[in-house]
Amino acid sequence: MKNHSFDAIIVGAGAAGMMCAAIAGQRGARVLLIDHYHKLGEKIRISGGGRCNFTNINTKPEHFLSENPHYCRSALARYTPTDFIKLVESHRIAYHEKTLGQLFCDDSATQIIQMLKTECDRGHVEWRMPASVTSIAKSAAGFDVSVGDEALQTRSLVVATGGLAVSKIGATPWGYQLAEQFGLAIVPPKPALVPLAFEPDALATFGDLSGVSLDAQVSCGNGEFREAVLLTHRGLSGPAILQISSYWQTGSAKAPIHVNVLPDAARLADLQAKRQSKVQFHNLLAESLPRRFAESWCNAFDLNKPANQFTDADFAAALGALQDWQIKPSGTLGYNKAEVTLGGVDTRGLSSKTMGVTAIPNLYFIGEVVDVTGHLGGFNFQWAWASGHAAGVAIAESRQ
Ligand SMILES: Cc1cc2nc3c(=O)[nH]c(=O)nc-3n(C[C@H](O)[C@H](O)[C@H](O)COP(=O)(O)OP(=O)(O)OC[C@H]3O[C@@H](n4cnc5c(N)ncnc54)[C@H](O)[C@@H]3O)c2cc1C
């Protein structure tokens with residue numbers, strides 16, 4: 001017979017929800033996980049190109065954006081990348097470091113989903129999936145939760161419904177709406193880790209360079225990244241742009257993005273040394289930059305002449321422009337192309353130790369629904385694991 005009374009009901013069986021359920025269940029709590037989508041852990045399955053960049057060994061609070069930047073510290077310190085790696089190893093999942101501390105499965109992201117499901121089974125977690133929550137009300141003992149025609153009771157309620165990215169695999173604003181129902185503030189959500197669109201002029205100049213990739217130093221506001229920039233038929237993408245999109249979205253009045261396509265000091269010095277060369281400037285640039293980019297750049301800015309025909313000032317200005325290409329995107333490509341959502345439940349109403357709502361006992365918000373957004377590179381999953389762990393431990397401890 002199905003239980004109708006639980007220590008914890010968790011809405012959202014993604015990365016954070018499954019971690020929280022497994023931790024609380026294995027510590028003796030009676031846990032129910034509810035998800036409205038018909039496939040388990042879809043966002044994990046599509047993550048990291050199908051191999052799930054499940055953590056980053058260099059995780060620090062500085063890798064996260066939030067209006068309350070210290071909020072993530074406690075949870076991250078109590079459940080570290082090493083803790084998650086131990087879990088992965090205990091399930092004999094082979095993994096490798098790709099770059100910059102990013103750990104990926106050797107085989108498939110589905111191994112991480114299966115691992116989390118197995119951990120939930122070890123905690124005797126119950127499931128309702130696919131199932132939709134139709135109402136939630138505060139009761140004397142906790143919360144009354146209606147799921148279809150079932151009336152359920154729970155002491156603790158955990159919201160783990162994630163952000164708004166990629167709605168076709170189950171993302172909804174339900175978590176924000178529930179937070180508002182209980183009087184919590186929301187930091188306005190925006191797509192992040194998302195490609196950016198060129199304005200019409202830049203699109204006319206660079207739109208046909210789709211597929212060209214540049215090593216660049218990209219900055220905006222407090223953010224600065226040295227990674228690849230990819231030109232697309234609509235604008236800019238690639239890791240450096242995805243990273244900087246989060247800072248562009250938080251910046252005031254949409255400040256420009258600064259792109260240095262000559263970030264390598266030795267290559268820059270080499271170009272400067274060729275100041276008196278008789279070679280066409282675009283051919284000189286093509287020694288350090290993709291030829292298609294060098295040619296379009298020189299056409300756009302009327303630089304089609306040999307290097308030695310520039311004045312000193314013009315030569316310096318031409319190199320300076322390549323070191324500070326200022327781009328004012330017309331916008332982002334939106335939630336369907338975004339990896340995460342910036343903003344969410346305002347953490348100033350939450351406990352950084354338990355993830356619980358300060359004013360409402362036993363109501364928790366974890367994972368991406370909260371206003372904590374990681375950089376690209378496994379940080380968002382590490383936040384999901386760490387915040388899920390913090391709430392799972394708190395739920396289990398509150399029973400004793
Ligand atoms: C294409 C892509 C690739 C990514 N790759 C990486 C990566 O490699 N590394 C990394 O760290 N991060 C990556 N991310 C980000 C990462 O997937 C998320 O940050 C992470 O999954 C958030 O975990 P979560 O549990 O908070 O939310 P989710 O994993 O999104 O889970 C939320 C769950 O809630 C359910 N839900 C939503 N609304 C309701 C509702 N009303 N009722 C019931 N259930 C509901 C959803 O169906 C879903 O199962 C990627 C994201 C995308 C889109």
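Indexing begins at 1, ligand by ligand and atom by atom, following the structure's order.
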Notebook entry, point to check: Do Phe381 and Ile112 come close enough that some side-chain heavy atom pair is under 4.5 Å?
Noted result: no

Note to self: Tell me whether Lys305 at atom NZ has more than 12 heavy atoms from other residues, nucleotides or ligands lying less than 6.0 Å away.
What the structure shows: yes

Note to self: Using a 6.0 Å cut-off, check whether atom NZ of Lys138 has over 12 heavy atoms from anything other than its own residue.
What the structure shows: yes

Checklist line | Val11 neighbourhood, listing ligand 1 atoms whose heavy-atom distance to it stays under 4.0 Å | finding: 42 (N), 43 (C)

Note to self: For atom 38 (N) of ligand 1, what is the closest protein heavy atom, and at what distance to 0.1 Å?
What the structure shows: Thr172 OG1, 2.6 Å

Item checked: Atoms of ligand 1 close to Gly14 [distance to a heavy atom under 4.0 angstrom, numbered from 1] -> 25 (O), 29 (O), 31 (O), 33 (C), 49 (O)

Margin query: Does Asp106, at its CG atom, have more than 12 non-hydrogen atoms belonging to other residues, nucleotides or ligands within less than 6.0 Å?
Written below: yes

Notebook entry, point to check: Got a salt bridge between Asp83 and Arg78, using NZ or NE/NH1/NH2 to carboxylate O under 4.0 Å?
Noted result: no

Notebook entry, point to check: Numbering the atoms of ligand 1 from 1, which are under 4.0 Å from a heavy atom of Gly12?
Noted result: 33 (C), 34 (O), 35 (C)

Margin query: Taking 4.0 angstrom as the limit and counting only heavy atoms of Ala160, give me the atoms of ligand 1 inside it, by number and element.
Written below: 32 (C), 33 (C), 34 (O)

Check: Given His36, Met19, Glu368, Glu42, which has its nearest heavy atom closest to atom 43 (C) of ligand 1?
Finding: His36

Checklist line | Atoms in ligand 1 flagged as close to Ala15, the criterion being non-hydrogen separation under 4.0 Å | finding: 23 (O), 25 (O), 29 (O)

Next item on the list: Please report which non-hydrogen protein atom sits nearest to atom 33 (C) of ligand 1, along with the residue it belongs to and the distance in Å to one decimal place.
Entry: Asp35 OD2, 3.5 Å

Notebook entry, point to check: Applying a strict 4.0 Å limit to heavy atoms, is Ala338 in contact with ligand 1?
Noted result: yes

Checklist line | Closest to atom 12 (N) of ligand 1 (judged by heavy-atom distance), picking from Phe54, Phe381, Tyr335, Trp174 | finding: Phe381

Item checked: Heavy-atom proximity to atom 52 (C) of ligand 1, best of Gln382, Lys337, Glu339 -> Glu339

Item checked: Val166 to ligand 1, any heavy atom closer than 4.0 Å -> yes

Checklist line | Shortest protein contact, atom 27 (O) of ligand 1 (heavy atom only) | finding: Gly162 CA, 3.4 Å

Next item on the list: Verify the neighbour count for atom NE2 of His233: are there more than 12 heavy atoms of other residues, nucleotides or ligands below 6.0 Å?
Entry: no

Note to self: Yes or no: does Ser132 have any heavy atom under 4.0 Å from an atom of ligand 1?
What the structure shows: no

Note to self: So if I count the atoms of ligand 1 from 1 in the order they appear, which ones are less than 4.0 Å from some heavy atom of Ile46?
What the structure shows: 1 (C)

Check: With atoms numbered from 1 as shown, which atoms in ligand 1 lie under 4.0 angstrom from a non-hydrogen atom of Asn53?
Finding: 7 (C), 8 (O), 9 (N), 10 (C), 11 (O)

Margin query: Quick check: Ala384 and ligand 1, any N/O pair under 3.5 Å apart?
Written below: no

Check: Less than 4.0 Å between a side-chain N and a carboxylate O, is that true for Arg226 and Asp215?
Finding: yes

Margin query: Hydrophobic clusters here meaning ILVMFWY residues chained together by side-chain heavy-atom distances under 4.5 Å, can you tell me if Phe379 and Phe104 are in one?
Written below: no

Next item on the list: Return the residue, atom name and 0.1 Å-rounded distance of the protein heavy atom closest to atom 6 (C) of ligand 1.
Entry: Ser47 CB, 3.6 Å

Next item on the list: Can you sort out which atoms of ligand 1 are near Tyr37, meaning under 4.0 Å from one of its heavy atoms?
Entry: 47 (O)

Item checked: For atom 24 (P) of ligand 1, the protein heavy atom that lies nearest, with its residue and separation -> Ala16 N, 4.0 Å

Notebook entry, point to check: Between Ile23, Thr80, Leu87, Leu116, which is the residue that forms a side-chain contact (heavy atoms from CB on, under 4.5 Å) with Trp385?
Noted result: Leu116

Notebook entry, point to check: Taking the non-hydrogen atoms of Ala171, is any one of them nearer than 4.0 angstrom to ligand 1?
Noted result: no

Item checked: Cationic N near anionic O, under 4.0 Å, Glu89 to Lys86 -> no

Next item on the list: Nearest heavy atom to atom 37 (C) of ligand 1 wins, so pick from Gly170, Cys52, Gly367.
Entry: Gly170

Checklist line | More than 12 heavy atoms of other groups within 6.0 Å of Arg267 CZ | finding: no

Next item on the list: Please examine the side chains of Leu193 and Gln243, heavy atoms only from C-beta on, and report whether any two atoms are closer than 4.5 Å.
Entry: yes

Item checked: Verify same cluster id: Val194, Tyr247 (apolar side-chain graph, 4.5 Å) -> no

